[in-house]
Amino acid sequence: MAETAIRFSGVNKWFGKLHVLREINLAIGAGEVVVVCGPSGSGKSTLIRTVNGLERVQGGDVVVLGESIARRGVNLPALRTRVGMVFQSFNLFPHMTALENIMLAPMKVKRVARPEAEKLARALLERVGLREKAANYPANLSGGQQQRVAIARALAMQPRIMLFDEPTSALDPEMINEVLDVMTSLAREGMTMMCVTHEMGFARRVAHRVVFMDEGQVVEEGTPDEFFRAPKSDRGKQFLSKILTH
Amino acid sequence: MDFSVVADNFKFLILQGLIGIGPFIGGTLRLAIPAIILGFLLGIAVGLARLAQAAWIRVPATMYVEFFRGVPLVMVIFWIWFIIPQLLRLPIPEYGVALTAFVIFEAAYFGEIVRAGVQSVARGQVEAATALGMTATKTMAYVVLPQALKNMVPSLVTQMIVLFKDTSLASIIGYVDLTKAAQIVNNREIRPFELYLFIAVVYFLCTYSMSLLARRLERRTA
């Protein structure tokens, strides 16, 4: 494996009394695509949200692109410009057009001039197949289109790492593939990706590694082949039998 | 009924009472417009302070809101009229008293509207902006407040209308607004029905045009 992009070491987190992350140790290499799966409530969304500090860890550390997020005085906004995130519920800004959604952060955070930001935003819309939708407001886009704009918005900051938190879970079935296609092409271009998803087809085809979580722990990890053919743990077997039988 | 009393004193009632041009310090609009603007601006500060994580900002702001919501406006006007000049040992003119009272009183109400408006914006919006590397201030300015303001428009307009009508209370300290102007004319002419009906119509026309304006604004931003 090449250099490490994300390293979780001894990560612990509680929500009140609930121990949601227990001693997580995991390293994700640059250019690697890792799918995190597991039953709901297993802590996978919480784990991915610690990478850009949307959730603070209470024990251990996450080192992202060489920066410790648990260190006092860490510049989280600066780190976040290098880590893009895509959410289950898209979270596009409803008062801005698709184009403006993509232009906002480059202009306000990186101080990119408007013409340049617009050029970049149009190129990104083209890349996610939504060139004609630049002037549309989110309310006038389908779920799949909104999520593709959200991916473009995250890419506009030219991140080194992309985090996907159940990006297709809120989508109607016929829209899932258009989003997965964009993610697949991103993976092929060598983007470092951490994806929480239930799309096992995507995991099989695109992921380099699958991490299976349950009850706040990493239960097992391995190549998609290893995990899907012969899960080592009983909990992994149970999980797969539940999601693959229908 | 004889409305000639209104026609004869029309200039005094409108110029002096409503607008504030005349021999006396007064004018409903001259008080209401700056009070609405300054009260709203202070209200934004109060509302955001109410949402602050730091207790030393949040707690005083909460006390401010609870206090001024809990006392009558007339009381606030009296305090500033009688007590502040004694404490500071300098006289404050009627206009200064009235404007100060309205701004600090109304800021409590505007603050609550702002707080509710900000809280009405989905949490995911803040997370999305944060994840893009935007600071809390930028997130507030470019993502949260524009959406919050839109949600606030109906309550804001209601509060502005309430404030507009409440300016009639400034007449009790001798500020010559529309109400006081009608009183002055009535003391001479004894035509209460015609005069007070007339100023009621003027108040209504002003507040109704505020409503219409708000409706247009809501439709445009919808």
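Naming: A, B, ... by sequence-line order, numbering from 1 per chain.
Contacts of A:V83 with chain B are made by backbone atoms alone, with heavy-atom separations under 4.5 Å and no side-chain atom involved.
Distance alone, capped at 3.5 Å, places no donor-acceptor pair between the A:K108 side chain and the B:M134 backbone. A:H95 places no side-chain N or O within donor-acceptor distance of the main-chain N or O of B:K150, the cut-off being under 3.5 Å. Side-chain N or O atoms of A:N91 include one that pairs as donor or acceptor with a backbone N or O of B:G124 at under 3.5 Å. Under a 3.5 Å cut-off, the side chain of B:Q125 and the backbone N or O of A:L92 do form a donor-acceptor pair.
Within 6.0 Å of the CZ atom in B:F10, the count of heavy atoms belonging to other residues, nucleotides or ligands does not exceed 12. More than 12 non-hydrogen atoms from other residues, nucleotides or ligands lie less than 6.0 angstrom from NZ of A:K110. Around atom CZ of B:R69, more than 12 heavy atoms belonging to other residues, nucleotides or ligands sit under 6.0 Å away. Within a 6.0 Å sphere centred on OH of B:Y208, heavy atoms belonging to other residues, nucleotides or ligands number 12 at most. For CZ of A:R160, the number of neighbouring non-hydrogen atoms (other residues, nucleotides, ligands) closer than 6.0 Å is 12 at most. Residue-environment remark: CZ (A:R71) exceeds the threshold of 12 foreign heavy atoms within 6.0 Å. Atom CD of B:Q53 is surrounded by 12 or fewer heavy atoms from other residues, nucleotides or ligands within 6.0 Å.
For the options A:L104, A:N52, A:L163, heavy-atom pairs under 4.5 Å to chain B are most numerous at A:L104. Heavy-atom pairs under 4.5 Å with chain B were tallied for A:A154, A:P77, A:A139; the largest tally goes to A:P77. Contact tally against chain A (heavy-atom pairs below 4.5 Å) for B:A141, B:A129, B:A122: the top residue is B:A129. Contacts with chain B were tallied for A:P94, A:P106, A:A78, A:G84; A:P94 has the most, counting heavy-atom pairs under 4.5 Å. Ranked by non-hydrogen atom pairs under 4.5 Å with chain B, the options A:R153, A:M85, A:M157 are led by A:R153.
Residues A:F87 and B:A128 come closest through the heavy atom pair CE1-CA, 3.6 Å.
A 4.5 Å side-chain heavy-atom check between A:L54 and B:T130 finds at least one atom pair inside the cut-off.
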